[in-house]
Colleague: 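Before I ask anything, here is the structure I am working with.
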Amino acid sequence: MSTRPVSQKNADFFQSVFDLVRCIPKGRVTSYGAIAKYLGSARSSRMVGWAMNASHVHLDIPAHRVVNRNGLLSGKMHFSPPESMQTRLEAEGIRVEKDQILDFPKIFWDPNAELSID
DNA sequence: AGCTTGACTTTGA
DNA sequence: GTCAAAGCCAAGC
């Protein structure tokens, strides 16, 4: 079973996303699809992005650790200073070039694989 | 009430 | 490998 309180998918989708993103280890990144899939719908990856848009009210949300499945900083433009996203990633040891994370599959953190291991 | 946009993903050609 | 189209659910107009 899930070790995280994200069972309530019918509950606040945003809260579930925030909770998971908050659990992302430092120096690691994940994709919207991974989060969406963890919540039950990989197709609703857009909702994850939408939820992140509301994450600005929650300063504890490391949204910079969330990128698209391409490892591209798709949401960096939504940061206060767009470059802050890359700065934060590099501050955690993540190499980023041209808005793209290097060694993405290496630092990729899959919640469904790390948390839901049975 | 309906239509458009959006921090995406997947599948098909 | 790339390009185009469909699907997804919610918020905004």
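Reminder, nothing fancy here: chain letters follow the sequence lines and each chain counts from 1.
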Colleague: Write down the distance between CE (A:Met47) and C1' (B:dA7), rounded to a whole number of angstrom.
Modeller: 11 Å
Colleague: Which residues in residues 83-96 of chain A have a heavy atom closer than 4.0 Å to any atom of DNA chain B?
Modeller: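 Contacts with DNA chain B under 4.0 Å: none.
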Colleague: Which one, B:dT9, C:dA11, B:dA7, comes nearest to the side chain of A:Trp50?
Modeller: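 Comparing B:dT9, C:dA11, B:dA7 against the side chain of A:Trp50, the answer is C:dA11.
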Colleague: What's the OH-P distance between A:Tyr32 and B:dA7, to the nearest Å?
Modeller: 9 Å
Colleague: Taking all non-hydrogen atoms of both residues, which atom of A:Thr30 and which atom of A:Phe108 are closest, and how far apart?
Modeller: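 Minimum heavy-atom separation between A:Thr30 and A:Phe108: CA-CE1, 3.7 Å.
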Colleague: Calculate the interatomic distance between A:Asn70 atom CG and C:dG1 atom P; express it in whole Å.
Modeller: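 Rounded to whole Å, this separation is 10 Å.
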Colleague: How many whole angstroms separate atom CG of A:Leu39 from atom P of C:dC8?
Modeller: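 After rounding, the gap between these two atoms is 17 Å.
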Colleague: For A:Asn70, which residues count as a side-chain hydrogen bond (donor to acceptor under 3.5 Å, both in side chains) partner, sequence neighbours excluded?
Modeller: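 Partners of A:Asn70 by the side-chain hydrogen bond (donor to acceptor under 3.5 Å, both in side chains) criterion come out as none, since no residue qualifies.
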Colleague: Write down the atom of A:Met85, the atom of A:Ala63, and the distance for their closest heavy-atom approach.
Modeller: CE-O, 3.8 Å
Colleague: So A:Leu73 and A:Leu89, do their side chains get closer than 4.5 Å, heavy atoms only?
Modeller: yes
Colleague: From the options C:dA10, B:dA7, B:dT9, select the nucleotide whose nearest atom is closest to the side chain of A:Ser45.
Modeller: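 Comparing C:dA10, B:dA7, B:dT9 against the side chain of A:Ser45, the answer is B:dT9.
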Colleague: Check step by step if salt bridge (Lys or Arg N to Asp or Glu O under 4.0 Å) holds for A:Arg22 and A:Asp60.
Modeller: CA-CA 7 Å; A:Arg22 229 185 258 125; A:Asp60 294 81; 5.4 Å; no
Colleague: Classify A:Ala51 by what it touches in the nucleic acid, base, sugar-phosphate, or nothing, heavy-atom distance under 4.0 Å.
Modeller: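 Answer is nothing: A:Ala51 stays at 4.0 Å or more from every strand.
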Colleague: Using whole Å, what does the distance between atom C1' of nucleotide B:dT9 and atom CZ of A:Phe104 come to?
Modeller: 13 Å
Colleague: Can you give the dot-bracket line for DNA chain C, where a pair is Watson-Crick or G-U wobble with both atom distances under 3.5 Å, crossing pairs use [ ], and | marks a partner on another strand?
Modeller: .||||||.|||||
Colleague: Once the angle between the rings of A:Phe18 and A:His58 is folded into 0 to 90°, is it parallel (under 30°), tilted (30 to 60°) or perpendicular (over 60°)?
Modeller: tilted
Colleague: Looking across every strand, which nucleic acid part, if any, lies under 4.0 Å from A:His56 by heavy atom: base, sugar-phosphate, or nothing?
Modeller: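 Base, at least one base atom sits under 4.0 Å.
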Colleague: Taking side chain as C-beta onward, heavy atoms only, is A:Val67 less than 4.5 Å from A:Phe104?
Modeller: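 With C-beta onward as the side chain, the pair touches.
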Colleague: Please report the distance separating the C1' of C:dC3 from the corresponding atom of B:dA7, rounded so that it comes out in whole Å.
Modeller: 22 Å
Colleague: Measure from the side chain of A:Met52, starting at C-beta and using heavy atoms only, and say which of B:dT10, C:dC9, B:dA7 lies closest.
Modeller: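 Closest of the options to the side chain of A:Met52: B:dA7.
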Colleague: Taking atom P of B:dT5 as reference, at what distance in whole Å does atom NE2 of A:His78 sit?
Modeller: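 One finds 15 Å between P of B:dT5 and NE2 of A:His78, rounded.
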Colleague: Which part of the nucleic acid, if any, lies within reach of A:Asn68 when heavy atoms closer than 4.0 Å are counted: base, sugar-phosphate only, or nothing?
Modeller: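 A:Asn68: backbone/sugar contact only, no base atoms under 4.0 Å.
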Colleague: Categorize A:Ser55 for me: base, sugar-phosphate, or nothing, with a 4.0 angstrom heavy-atom threshold over every strand shown.
Modeller: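 If one applies the 4.0 Å heavy-atom cut-off, A:Ser55 turns out to touch a base.
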Colleague: Whole-Å distance between B:dA7 P and A:Asn53 CG?
Modeller: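 These atoms are roughly 7 Å apart.
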Colleague: Locate the shortest heavy-atom distance separating A:Arg28 from A:Ile107; write the atom from each residue and the value.
Modeller: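 Of all heavy-atom pairs spanning A:Arg28 and A:Ile107, the closest is CD-O, 3.0 Å.
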Colleague: Grab the CG-P distance between A:Asp110 and B:dT9 for me, whole Å please.
Modeller: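 Nearest whole value for this atom pair: 12 Å.
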Colleague: Between A:Arg65 and A:Lys26, does the side chain to side chain contact (heavy atoms under 4.5 Å, CB included) criterion hold? Intermediate values first, please.
Modeller: CA-CA 8 Å; A:Arg65 292 180 186 155; A:Lys26 181 187 173 193; 3.6 Å; yes
Colleague: Step by step, work out the side chain to side chain contact (heavy atoms under 4.5 Å, CB included) result for A:Val66 and A:Ile24.
Modeller: CA-CA 9 Å; A:Val66 184; A:Ile24 300 177; 4.0 Å; yes
